[in-house]
Amino acid sequence: MLLSPLTMLAGETTIASPNGKLVVTVNDKGGRATYSVTFEGRQLILPSALGFKSNIGDFTKGMKLGKTDEKNVDKTYEMRQVKQAKMHYVAKQQNIEFENGRQQKMTVQFSVSDNDVAFRYLIPRQKGDNPKCAVIESEATGFNLPDVTTTFICPQIDPMKGWERTKPSYEEEYTPDAPMDTKSKFGQGYTFPCLFRVPAPATGKQAAAQSDWVLISETGVSSQYCGAHLSDYKQGTGYTIAFPQQGENNGIGSTAAAISLPGETPWRTITVGSSLKPIVETTIPYDVVEPLYEPSEAYKPGRYTWSWLIWQDESINWDDQIKFIDLAGEMGYEYCLVDGCWDTQIGRERMPELSKYAQSKGVKLMLWYNSNGAWNDAPQTPRNRMNTSVVRDKEMKWLKEIGVKGIKVDFFAGDKQETMRLYEDILCDANRYGIQVIFHGCTLPRGWERMYPNFVSSEAVLASENVYFSDYHAAQEPFQLTMHPFCRNAVATMDWGGVIMNKYMSRDNKSRHQRQTTDAFEMATAFTNQAAIQCVAMQPNNLKELPEFELSFLKNLPTTWDETRFIDGYPGKYVVMARRHGNQWYIAGLNAQKEPLKLNINVADYHVKSLLNDFVDKKTKAVSTAQTELKADKKGNVKLTIQPNGGVILF
């Protein structure tokens, strides 16, 4: 009995994945709770701190490992709006009890599957059944990676900065393959998710080509905790969990997290692999969380048109919105998004009529809202309609009455628990009235697609509007959209905001700066970017300007997936991935490099017959997009060339 895992007292314990290749080791050496992670015998997370400080006790020192218990997890579930429809999660779960010098207890719960580690803290009531609540002031939770590691990460910015004091809006730029000791741009660490490359040890004069990959994030953040990010790197200890900054939410609200006891923290997640395949295909953000409420109706995916991206603020008027509703109707799209200031530039009193007109075209409206409130100076209206429960409930009831099926809520304020509570309140209230929700100017969603069934997607990325704003960002689009399948979009749905089909960033499609991607690139982003309600940022003029095969293809874009497979790629350079909708496979690729990319892909399992690709005229060197019959050899191999800033789709 003394050797039983249920009662064993020891200084160290291990949890191995079902296939035994991923192993987590936890110990209490030196009175500190730590964990480390090895994959296929290679250590990817060096001994890293566990624990937290709270107003009921310090769980970072004087720690002693106590009893453990382990169980097998094997569950299946279905989701309608992420990279896979049918999920099967198999893991080893172990609860590891620790006690500090004051005989106060906490438990670290690890769930380890073949490529994913998830862990969180379970906090019981202490002696005498008290206290019954706690404030988590900070976490020691660390992620200490090998010194040779390089990073693909996005800096956290100071609060109340930028346009109309709307930062952080999680729209900073990623830096690829940077050393860990490079200081973050703003000195505030890095936003989740964070991607790392760990090169294999060099042998002889040649460095090994093999690299391991590590993706770190968090999931299960609700109104019961704050959101977090990673600190700057510190030699010897690595990165640590950083709580929100005091200035977020205009300084209102605590940076700490208040929880009821017994209670638990959100899950921290680590996805590892000897290739990028487990990174792109991971479902860990959803595997360890559960729905918080039932959907009030069967929410429908689809495509939406959006005037604001190219026609901007002036387009939020009756006549222009009629044009974009008609465009959605012509394309067979389900939704049309009416952006900010519709209440003043169209008139709130006219919105029932506009919604009725849209419905006559088979289209449902989605309406934009300002989240404010009192946390930034963004002027767009409607303001003060989403920030209080009384007004919000009245607004949701009105939206349902006039047939609106979705809202896009913008300009949030950071990651404090108070802000997380607002996200949850908006989602819960919207669900009562059958309304789906997209967030912009917002934080990363953390398991929300499963937790909140009417949640669609969030921006939380330097999105398509920046392609409109400047030629610099237009040039950066290929880099950004070959980065996100490996990080931002790997852990959550992403409303990047549009398959852009205008050649120029202007209403007349002749002036301002050009889009720097091919048509094939833009159409392929409908598959490499993932959201159940996807923006196709066509303009009315595109109906006459685009070739018929492009229009036909755009009319039939699916937005939900039964299966997703990674085929090839490197963050910020190129990506090729396959998604299945029903029985139809689509293979999409993007190239952000300056030279043509030559690939040999085996398509035997995908039953694809057509190729949409970019071709270079031998005489003029002009690049154009064409659709041709796909030709594979007897083994199913296809040789492809993806042009610089170009794309390819096999279907």
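Taking the six-membered ring where the residue is Trp, the centroids of Phe566 and Phe486 are separated by under 6.0 Å. When ring centroids are compared, Tyr233 and Tyr239 come within the 6.0 Å threshold. Aromatic pair Phe324/Trp311: centroids less than 6.0 angstrom apart.
Applying the salt bridge (charged side-chain N to carboxylate O under 4.0 Å, His left out) test to residues at least two apart or on different chains, none of the pairs has a partner in residues 629-641. Residue pairs meeting the salt bridge (charged side-chain N to carboxylate O under 4.0 Å, His left out) criterion with at least one partner in residues 601-625, sequence neighbours excluded, do not occur; the list is empty. Listed by first and then second residue, the salt bridge (charged side-chain N to carboxylate O under 4.0 Å, His left out) pairs that reach into residues 549-571 are Glu563-Arg565, Glu563-Arg580, sequence neighbours excluded. Pairs engaging residues 489-513 under the ring pair (Phe, Tyr, Trp, His ring centres under 6.0 Å) rule: none recorded [sequence neighbours left out]. Residue pairs meeting the ring pair (Phe, Tyr, Trp, His ring centres under 6.0 Å) criterion with at least one partner in residues 626-651, sequence neighbours excluded, are Phe553-Phe651.
With sequence neighbours excluded, the residues satisfying salt bridge (charged side-chain N to carboxylate O under 4.0 Å, His left out) with Asp519 are Lys503, Arg515.
With Glu172 as the partner, the salt bridge (charged side-chain N to carboxylate O under 4.0 Å, His left out) test is satisfied by one option alone out of Lys185, Lys167, Lys161: Lys167. Of the residues listed (Tyr174, Phe196, Trp213), the one engaging Phe152 in a ring-ring contact (aromatic ring centres under 6.0 Å, His included) is Trp213, and it is the only one.
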**OP:** Could you give me the CA-CA distance, side-chain angles and deciding distance for Lys323 and Asp326, then say whether salt bridge (charged side-chain N to carboxylate O under 4.0 Å, His left out) is met?
**Re:** CA-CA 5 Å; Lys323 293 174 184 176; Asp326 288 346; over 6 Å; no

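The distance from the CG atom of Leu551 to the CG atom of Asn542 is 8.0 Å, given to the nearest 0.5 Å. Met331 contributes atom CE, which lies 6.5 Å from atom CG of Leu543 (distance to the nearest 0.5 angstrom).
Ring pair Phe411/Trp163 is tilted by interplanar angle, where 30° to 60° counts as tilted.
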